[in-house]
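Read the structure below first, then the notes.
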Amino acid sequence: EADIYQTPRYLVIGTGKKITLECSQTMGHDKMYWYQQDPGMELHLIHYSYGVNSTEKGDLSSESTVSRIRTEHFPLTLESARPSHTSQYLCASSEGGFGGLSTDTQYFGPGTRLTVL
Amino acid sequence: SQQGEEDPQALSIQEGENATMNCSYKTSINNLQWYRQNSGRGLVHLILIRSNEREKHSGRLRVTLDTSKKSSSLLITASRAADTASYFCATGGYSGAGSYQLTFGKGTKLSVIP
């Protein structure tokens with residue numbers, strides 16, 4: 001098991017609520033990622049970070065926001081949840097590194113399954 | 001896009017049989033990785049093969065890479081019911097903007113029937 005944690009594991013909330021999904025890793029990895037995945041479907045990268053105070057949007061447009069104030073912590077926030085946000089959210093981290101030897105092997109948390117009613 | 005495409009989308013076999021999944025991609029890569037995802041869980045890294053390698057083994061897993069055909073295969077020998085999961089290939093390489101990225105395919109759902 002990788003040392004990367006997500007809370008909560010399951011969340012059911014009403015439309016319009018503000019939520020924060022937590023992700024923490026104890027491996028000291030520079031890179032962290034958020035993916036959105038519908039059941040049985042492909043992963044979509046929605047946010048990533050290459051280090052503290054660095055955040056970028058991924059390939060899939062998302063209304064969520066992220067922050068990276070500490071290396072180990074990469075929370076995702078939805079200001080006003082909607083039913084279309086219902087999905088599984090996966091957090092991952094990797095060592096980073098650059099150049100020809102980079103592998104970027106990613107370590108995933110268990111995921112947060114979000115349901116917005 | 002250098003995204004991998006797995007084939008088949010779904011595969012059902014009997015316990016003890018071998019399972020083969022394929023991955024094709026479009027652009028040059030530094031490495032190709034295979035991950036496994038049990039239902040409702042995160043992905044777990046299985047094996048990595050670099051662009052200058054042709055074959056790698058890890059336990060019951062065998063991965064091949066053909067860079068001329070831009071394809072890879074994952075073979076699971078003597079499958080077990082516990083191998084039931086989705087398997088994703090991920091290609092690692094440099095994007096048009098020059099940053100290194102790992103891009104996941106759509107996955108193959110493997111069902112191993114006891």
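Per chain, numbering begins at 1; letters A, B, ... match sequence-line order.
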Given the rule that I, L, V, M, F, W and Y join up when any side-chain heavy atoms are under 4.5 Å apart, are A:L43 and B:L48 in one cluster? no

Can you confirm if the aromatic rings of B:F104 and A:F108 lie within a centre distance of less than 6.0 Å? yes

When heavy-atom pairs shorter than 4.5 Å are enumerated against chain B, which of A:R9, A:R113, A:Q106 gives the highest number? A:Q106

Joint cluster assignment, B:L11 & B:I76, ILVMFWY side-chain distance < 4.5 Å: yes

Best-contacting candidate, A:G40, A:C91, A:P39, against chain B by heavy atom pairs under 4.5 angstrom: A:G40

Linking I/L/V/M/F/W/Y whenever their side-chain heavy atoms sit closer than 4.5 Å, directly or via other members, would A:Y89 and A:Y48 fall into one cluster? no

Closest non-hydrogen atom pair between B:L102 and A:Y35, with its separation: O-OH, 4.4 Å

With a 4.5 Å cut-off on side-chain heavy atoms, are B:Q37 and A:L90 touching? yes

With the 4.5 Å side-chain cut-off for hydrophobic clustering, are A:L76 and A:F74 part of the same group? yes

Do you know which of A:M41, A:Q37, A:H44 has the most heavy-atom pairs under 4.5 Å to chain B? A:Q37

A:Y5 reachable from A:M32 in the ILVMFWY side-chain graph, under 4.5 Å edges: no

Proximal component of B:L43, with respect to chain A [non-hydrogen, under 4.5 Å]: both

More than 12 foreign heavy atoms under 6.0 Å from CG of A:L117: is that the case here? yes

Output the distance between atom OG1 (B:T103) and atom CG (A:L45), rounded to the nearest 0.5 Å. 8.5 Å

